[in-house]
J.: 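Shown below is the structure under consideration.
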Amino acid sequence: MQQIETRLQKSPRMLGRFTQKKTLPQLSRPLLSSGVVALSKERGVSWRVVQPLQSHLIMSEEGAGDDALARQIAYPLLQIFRGDFARLDELFEVQAQLREESWSVTLTPRSEVLAGFIASIEVSGNKSIESIHLAEANEAITEMQLIGLQPVSETDPEFTAEFSEQ
């Protein structure tokens with residue numbers, strides 16, 4: 001785990017794009033979305049869906065709005081985005097694989113409460129996190145691809161807009 005954390009590009013603020021594919025057992029086709037992701041060591045994660053419908057969720061140590069699943073996955077996702085997999089060891093069984101050009105981490109919940117929401121989380125990347133595969137307990141699957149995640153300054157206008165309350 002320490003080698004993976006060392007490989008990850010660390011920055012207090014990062015900005016990029018994402019694509020997301022959510023497969024629900026009751027739907028014949030997956031739901032596709034895309035948008036902007038901003039990571040802040042101080043503020044948390046801003047997840048702004050731009051297509052097909054607009055929505056905005058800010059996940060922080062304090063929570064993630066009214067959505068029960070979002071609240072359960074907010075803390076693990078924050079630690080994943082921060083590259084702090086060691087903090088997840090108390091909540092998840094952590095299995096890591098390190099390869100020359102990539103790495104992957106599989107997280108399986110330790111508690112029944114968390115397992116009621118999350119079946120597993122698989123994260124992979126190289127110098128940054130590139131994909132997250134979230135298998136929910138209700139058999140829904142969310143696949144996220146992070147694109148062009150780059151360090152930005154505290155004053156970057158696109159970054160600050162992601163954490164504004166508008």
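Hydrogens, waters and symmetry mates are skipped; everything else that's a heavy atom, side chains included, is used.
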J.: Donor-acceptor pair, distance only, cut-off 3.5 Å: does the side chain of Trp103 make one with the backbone of Asn126?
T.: yes
J.: Calculate, to the nearest 0.5 Å, the distance between atoms CD and CZ belonging to Glu136 and Phe117 respectively.
T.: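 Result: 10.0 Å between the selected atoms.
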J.: So how far is it from Arg29 CZ to Lys21 NZ, rounded to the nearest 0.5 Å?
T.: 12.5 Å
J.: Mind listing the closest non-hydrogen atom pair of Arg43 and Ile58 along with its distance?
T.: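 Heavy atoms of Arg43 and Ile58 come nearest at O-CG2, 4.3 Å.
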J.: How about CD on Glu112, more than 12 heavy atoms from neighbouring residues, nucleotides or ligands closer than 6.0 Å, or not?
T.: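 No.
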J.: For residues Leu146 and Glu130, determine if any side-chain heavy atom of one lies less than 4.5 Å from a side-chain heavy atom of the other.
T.: no
J.: Atom CD of Glu143 and atom CD of Gln20: how far apart are they, to the nearest 0.5 Å?
T.: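 One gets 10.0 Å once the value is rounded to the nearest 0.5 Å.
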J.: Quick one: does Pro12's side chain get under 4.5 Å of Ser40's, heavy atoms only?
T.: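 SC-SC contact between Pro12 and Ser40 ruled out.
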J.: Is a salt bridge present between Glu162 and Arg48, judged by a nitrogen-to-oxygen distance below 4.0 Å?
T.: yes
J.: Quick check: are there more than 12 heavy atoms from other residues, nucleotides or ligands sitting under 6.0 Å from CD of Glu139?
T.: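 No - once you tally the heavy atoms of other residues, nucleotides and ligands closer than 6.0 Å, there are 12 at most.
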J.: For the NZ atom of Lys22 and the CG atom of Leu134, what is their distance to the nearest 0.5 Å?
T.: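 It is 7.0 Å, given to the nearest 0.5 Å.
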J.: Mind listing the closest non-hydrogen atom pair of Phe92 and Pro109 along with its distance?
T.: CD2-N, 3.5 Å
J.: Indicate the atoms forming the closest heavy-atom contact of Ile129 with Leu149, along with that distance.
T.: O-CD2, 4.4 Å
J.: Among side-chain atoms of Ser124 and Ser131, is any donor-acceptor pair under 3.5 angstrom?
T.: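 Short answer, yes.
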J.: Please confirm whether the backbone N or O of Arg99 pairs with a side-chain atom of Ser102, one donor and one acceptor, at under 3.5 Å?
T.: no
J.: What pair of heavy atoms forms the shortest contact from Ala137 to Ala115, and how long is it?
T.: CB-O, 3.3 Å
J.: Examine Val94 and Leu98 and state if one hydrophobic cluster contains both, with Ile, Leu, Val, Met, Phe, Trp and Tyr joined whenever side-chain heavy atoms are less than 4.5 Å apart.
T.: yes
J.: Under a 4.0 Å N-O cut-off, is there an ion pair linking Glu158 with Arg17?
T.: yes
J.: Would you compute the distance between atom CZ of Arg13 and atom OG1 of Thr155 and round it to the nearest 0.5 angstrom?
T.: 8.5 Å
J.: Count the heavy atoms belonging to other residues, nucleotides or ligands that lie under 6.0 Å from CD of Glu42, then report whether that count exceeds 12.
T.: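 More than 12 heavy atoms, drawn from other residues, nucleotides or ligands, come within 6.0 Å of this atom.
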J.: Are any non-hydrogen side-chain atoms of Leu107 and Leu88 less than 4.5 angstrom apart?
T.: yes
J.: Could you grab the distance from atom CZ of Phe159 to atom OG of Ser46, nearest 0.5 Å is fine?
T.: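 If I round to the nearest 0.5 Å, the distance is 8.5 Å.
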J.: Less than 4.5 Å apart, any side-chain heavy atom of Val37 and any of Leu15?
T.: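 Not in contact.
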J.: Which heavy atom in Pro30 sits nearest to a heavy atom in Thr23, and how many Å separate them?
T.: CB-OG1, 3.8 Å
J.: Closest approach of Ser111 and Leu114, non-hydrogen atoms and distance?
T.: OG-N, 3.1 Å
J.: Please write out which residues are connected to Leu31 in a hydrophobic cluster, directly or through intermediates, given that two of Ile, Leu, Val, Met, Phe, Trp, Tyr count as joined at side-chain heavy-atom separations below 4.5 angstrom.
T.: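 Under the 4.5 Å side-chain rule, Leu31 groups with Leu24, Leu27.
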J.: Given the rule that I, L, V, M, F, W and Y join up when any side-chain heavy atoms are under 4.5 Å apart, are Ile141 and Met144 in one cluster?
T.: no
